[in-house]
Amino acid sequence: MVYSTNPDFTFEEGHPEETETLPKTQQKLRVSIEHKNRGGKVVTLIKGFVGTEDDLKDLGKLLKTKCGVGGSVKDGEIIVQGEWRERIVSLLRTEGYTGTK
């Protein structure tokens, strides 16, 4: 907060605006395998989702459930434990995400 001696000063709180979720056909999701900085464990990363945090969490939950593994959703990325690249790409395509690589 900033202190002001101006009697007309009004403080406006900046709320981060969430972007609207793009339609599934316009999403450009990238699926990759990573094993750096994870203690030798392999994870599958899904990046490139444009939308609200709730929609991203829902997609992450769907993918983790279909693969039967754990994972998390952090910093706009979905992290799925294990090497599931091919399965996740096929699941995303059946869900309607056509721009998936």
Side-chain angles (χ1 to χ4, degrees):
M1 184 175 280
V2 178
Y3 178 76
S4 176
T5 56
N6 184 355
D8 297 327
F9 179 77
T10 57
F11 180 74
E12 296 178 13
E13 290 188 30
H15 294 287
E17 295 181 17
E18 289 190 3
T19 58
E20 286 188 26
T21 304
L22 289 176
K24 293 178 179 181
T25 56
Q26 294 180 0
Q27 295 280 356
K28 297 191 184 304
L29 300 178
R30 299 293 171 248
V31 181
S32 61
I33 303 294
E34 185 177 293
H35 41 76
K36 294 181 182 176
N37 301 327
R38 306 210 184 264
K41 308 280 187 195
V42 177
V43 296
T44 305
L45 289 175
I46 298 95
K47 299 179 183 179
F49 185 84
V50 178
T52 63
E53 190 71 22
D54 291 337
D55 290 338
L56 181 64
K57 287 180 181 178
D58 291 341
L59 179 60
K61 184 175 181 178
L62 172 81
L63 294 175
K64 292 183 293 183
T65 303
K66 293 284 187 177
C67 292
V69 295
S72 65
V73 177
K74 293 184 196 175
D75 303 326
E77 296 177 339
I78 300 171
I79 302 169
V80 179
Q81 296 174 349
E83 192 168 336
W84 296 97
R85 186 180 190 286
E86 298 301 320
R87 173 127 187 209
I88 288 176
V89 169
S90 67
L91 285 171
L92 288 171
R93 288 196 175 141
T94 57
E95 287 294 317
Y97 293 93
T98 56
T100 303
K101 287 187 180 178

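Below, each value reflects all heavy atoms present in this structure, side chains not excepted, and no hydrogens, waters or symmetry copies. These numbers come from a predicted model, not from an experiment.
Hydrophobic clustering (side-chain heavy atoms under 4.5 Å, transitive across Ile, Leu, Val, Met, Phe, Trp, Tyr) groups Val69 together with Val89. In this structure, Leu91 is a member of the same hydrophobic cluster as Leu62, with clusters built from ILVMFWY side-chain heavy atoms closer than 4.5 Å. The cluster map of Ile, Leu, Val, Met, Phe, Trp and Tyr, joined by side-chain heavy atoms under 4.5 Å apart, puts Leu63 and Val43 in different clusters.
Side chain of Lys57 to main chain of Val73: no donor-acceptor pair is present (N/O by atom type, distance under 3.5 Å, no hydrogens or angles). Of the possible polar contacts, one joining the Thr21 side chain to the Thr52 backbone as a donor-acceptor pair under 3.5 Å is found. Of the possible polar contacts, one joining the Thr44 side chain to the Gly82 backbone as a donor-acceptor pair under 3.5 Å is found.
Scanning both residues, Tyr97 and Leu29, for their nearest heavy atoms gives CD2-CD1, 3.7 Å. Here the closest heavy-atom approach between residue Leu56 and residue Glu77 is recorded as CD2-N, 4.2 Å. The minimum heavy-atom distance linking Arg87 with Cys67 is given by the pair CG-SG, 4.1 Å.
To the nearest 0.5 Å, atom NZ of residue Lys61 and atom CD1 of residue Ile78 are 13.5 Å apart. How far CG of Leu92 is from NZ of Lys24: 9.5 Å, rounded to the nearest 0.5 Å. One finds the CD atom of Glu95 at 13.0 Å from the CD atom of Gln27 (value rounded to the nearest 0.5 Å). Interatomic distance, CZ of Arg85 versus CD1 of Ile33, reported as 7.0 Å (0.5 Å rounding). The CG atom of Leu59 lies 10.5 Å from the NZ atom of Lys64; values are rounded to the nearest 0.5 Å.
Taking the salt bridge (charged side-chain N to carboxylate O under 4.0 Å, His left out) definition, one finds that Arg38 meets it with Glu34, sequence neighbours left out.
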